[in-house]
Protein chains: 2
Amino acid sequence: MGRSKGSCMPSQSDSFTGSVWLRPPRAQTGQPSLSREQIVRAAIELLDAEGPAGLSMRRLGTKLGAGATSLYWHVANKDELLELAVDEVLGEVYVPLPGDTSWRMGASICANGMRSALLRHPWVIGLLGLHPTLGPNAMRLGERLVTLFTRAGFSGMALSHATAVLNSHAIGSATSEAAIRSALKRTGKTWKEVAEDVEPYLERLGPQNPHYDKWRKETGPLRQDPDQVLEESYAFGLERLLDGLEMWLAKNPGQTSA
Amino acid sequence: MGRSKGSCMPSQSDSFTGSVWLRPPRAQTGQPSLSREQIVRAAIELLDAEGPAGLSMRRLGTKLGAGATSLYWHVANKDELLELAVDEVLGEVYVPLPGDTSWRMGASICANGMRSALLRHPWVIGLLGLHPTLGPNAMRLGERLVTLFTRAGFSGMALSHATAVLNSHAIGSATSEAAIRSALKRTGKTWKEVAEDVEPYLERLGPQNPHYDKWRKETGPLRQDPDQVLEESYAFGLERLLDGLEMWLAKNPGQTSA
DNA sequence: GAGCTTATCGCACACTGTACGAGAGGGGCC
DNA sequence: GGCCCCTCTCGTACAGTGTGCGATAAGCTC
C-alpha cells in the first residue's frame, strides 16, 4: 500500500489530483466481461451493505466473478474507484429545473436530495474531504444550482457562496446524523437503550458542564424520537439559512453584472 | 482485520458504540513508560504530517520507541485511538464565555475555531461521520454553545438546532475546503496550474452545463486567490446563517420555558 | 496464418490490525 | 527474606490488504 510510487501506466497521467475525470477513457474493442460501471455499482452495493471496511478489491472481484486484479484494468486504483462511486451517488440527487418552483423551494429540494443521498450512502461522507468532487454528476449538480440561484438573483462570487453554504449545510447535517445512525446500527441498540447507556456518563460530566446539564434535564433530548429530532434539526437549519439568503437578496438587489 | 469479534477483555465492556468514554479508565500502578495521552499526541502528529494513511500502529509504536502491540494496553484498538484523537483536536477549539461578547460574535468565534481546527487536522473530517463525538472536549464545546445560545434567547429544542446548524456549517465548509487543499498538497501544484489542468475538462463539459459554463467564464473563479475565496465563502455563509438565526429570534421572543 | 490490442488472471511483496501468550518489573503481604 | 499478583511491554503469528508484474487468452486487422 503506502504512498503511491508513481504509476507506470503512460496513458493515465496524474494531472490535477490524479483525478479520473481529467484523463481520456479507455479505448474499448475487446471482450469486456467486466465494465467500469458494473464495477462501480457493485462497489456501491458492498459499501452500502458493509461500510467502508467492507470493500476490498478481492471481495469486489469475487462478487463480480472475477479475479481481484482484473479490476485494475478498468480502474487505476482503489482511490479512483471510490471517486467514481462518489460521483455515481451524486447522480442520485434530484435537482429541479428552475421555473418548476420558487428558488427557495428549489434550493430546499436540492439540499434535501443531497442530504438523503448522503444518508443512504454514509460512506460517501468520509470521502468528500479527500478530493474535490468534479465528476459529471457533481458538475450537473453545480449546473442546476447555478441555474437556480441565478434566477433567484445571485451573481458573481455571491452565487458560488450561496450554493456552497447550501451544500455545507447538507454535508454537515448528514455528517452529524450519520454518526448517530452508524452508532445505532453498529450496536444494534434502540435509541432508548443508548440513552440509558450514556446517561451515567453525562451525569458524571454534569458538574463540569452545568448549562448543558440543565438544558439536557429540562429538554430531555434523549427521550425524543431520534428520526424526528434529526429531521427537525436539519429542517430548522435549512430554513434559517434560506431566510438569511433571502435577506441578503433583499438588501442586494440584482446588479446584472458580476 | 474485519469486523471485531468481540473483545475478550472484561474490563472494557462494549456499551454504546463501544465508545471509549463510557468505560472506566485503566487502573494504574505500574511503571508506565507509555501513556495514553502520549500515544494520542503522537498519533495526531503522524496524522497531521501524513494523513490517515500515514498512521499505522507499527509506525506509531516505533515513533514512540515501543513495540506496536504495546499500544494495545492503553488503547483498545485503532478505532478507539482515533476517537481519542478527534476529541483531543476538539480540545483546541476556543469558545468564549458568554458575557465577553455578543452572542453573534461568540457564535462566530466558535464556528471559526471549529473550522480552523478541522483545517489544521483535516483527517478529523473523515472521522466525524463514524461515531458521535462525546468525549470531554466535545462536551465542553457543547456546554459553551448551550451557554452562548441560551443567553441569546434560544431554549428547548430550538437551542439544540441552532447549535447544530452552526456546527454543520463549520463541518461542511471545512469538508469542501479540505478537499481542495488536499488536492493542492497532494499534487504540489499551484492553484494556477490546477486551473489550467481542469480548464479543458470544464471546456469539454461546457455544452452540457451551459449556465455553469457562462458563470464560470464571466466570474472566473479559477483566476482568484483560493485562500481568499474559501475564506470569503465560509464567512458569507456564516453571516447568512447568523442573520437567519437572528431573524428567528426576533420572531420568537424568549419564552423562558422549553 | 502473423501480429497487435484489449482484457483477465495468478503470484508475490510489503504492509496492515490485532489475538495470544510469555515475560519483566514493582508493591504488598507473610 | 519469599511469595504472589497486578501492571505493563513485547515477539510472534495470522488473516487479510492494495497492487506491480508478467503470463496468458480472445478478438480484430492484415
Side-chain angles (χ1 to χ4, degrees), chain A residues 1-12 14 18 24-39 42-43 46-47 50-83 85 130, chain B residues 1-12 14 18 24-39 42-43 46-47 50-83 85 130:
Chain A
M1 213 179 326
R3 257 61 61 243
S4 69
K5 300 162 193 172
S7 162
C8 68
M9 240 163 183
S11 68
Q12 326 209 35
D14 263 21
R26 285 238 178 261
Q28 164 165 326
T29 2
Q31 66 293 17
S33 84
L34 232 46
S35 82
R36 178 180 269 197
E37 288 153 37
Q38 190 189 9
I39 292 173
L46 266 179
L47 287 163
E50 319 201 29
L55 176 68
S56 83
M57 299 305 269
R58 270 175 257 256
R59 298 230 305 150
L60 184 54
T62 57
K63 180 181 167 85
L64 291 165
T69 56
S70 306
L71 307 172
Y72 285 90
W73 178 255
H74 304 271
V75 151
N77 51 39
K78 195 181 182 183
D79 271 7
E80 170 171 315
L81 172 58
L82 292 173
E83 244 182 299
L130 300 181
Chain B
M1 214 178 324
R3 259 60 62 244
S4 69
K5 300 162 195 174
S7 165
C8 69
M9 238 159 183
S11 68
Q12 326 208 36
D14 262 21
R26 285 236 178 262
Q28 166 165 328
T29 2
Q31 65 293 18
S33 85
L34 231 47
S35 83
R36 178 180 270 199
E37 289 154 35
Q38 190 190 10
I39 292 174
L46 266 178
L47 288 163
E50 319 202 29
L55 177 67
S56 83
M57 300 305 269
R58 271 175 258 256
R59 298 231 304 150
L60 184 54
T62 57
K63 181 181 166 85
L64 291 165
T69 56
S70 306
L71 308 173
Y72 284 89
W73 178 255
H74 305 271
V75 149
N77 52 37
K78 194 182 182 183
D79 271 6
E80 170 170 317
L81 172 58
L82 291 172
E83 242 183 301
L130 300 181

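The structure presented is a predicted model; accordingly, all values stated were derived computationally and were not measured. Proteins get letters first, then strands, A, B, ... in listed order; numbering begins at 1 in each.
Out of C/dT6, D/dT19, D/dT7, the shortest distance to the side chain of B/W73 is found at D/dT7. Of all nucleotides listed (C/dT8, C/dG17, D/dC10), D/dC10 comes nearest to the side chain of B/A66.
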With the criterion being N/O to N/O and under 3.5 Å, what pairs connect the protein with nucleotides 10-13 of chain C, and how long is each?
from: C/dG10; atom 1: N7; to: A/T69; atom 2: OG1; distance (Å): 3.4
from: C/dG10; atom 1: O6; to: A/T69; atom 2: OG1; distance (Å): 2.8

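Rounded to a whole Å, the CG atom of A/L64 is 10 Å from the P atom of C/dC9. Summarising the geometry, the separation between CG on A/L34 and P on C/dC9 is reported as 7 Å, rounded to the nearest angstrom. Following rounding to the nearest Å, B/R59 (CZ) and C/dA14 (C1') show an atom-to-atom distance of 14 Å.
OP1 or OP2 of C/dT16 sits under 4.0 Å from a side-chain N or O of B/S56. Contact annotation: B/S70 reaches the phosphate of D/dC10 (side-chain N/O to OP1 or OP2, under 4.0 Å). In this structure, B/H74 reaches the D/dT9 phosphate: one of its side-chain N or O atoms is under 4.0 Å from OP1 or OP2.
Shortest non-hydrogen contact noted between A/G61 and A/L71 is N-CD1, 3.9 Å. Heavy atoms only, all atoms of each residue included: B/L34 and B/A66 are closest at CD2-CB, 3.9 Å.
The residue B/L55 sits close only to the backbone: its heavy atoms come under 4.0 Å of sugar-phosphate atoms, none of a base.
Enclosure of atom CD in A/E37 is not indicated, since only 12 or fewer non-hydrogen atoms of other residues, nucleotides or ligands lie within 6.0 angstrom.
With sequence neighbours left out, B/L46 forms a side chain to side chain contact (heavy atoms under 4.5 Å, CB included) with B/E50, B/L55, B/R59, B/L60, B/K63.
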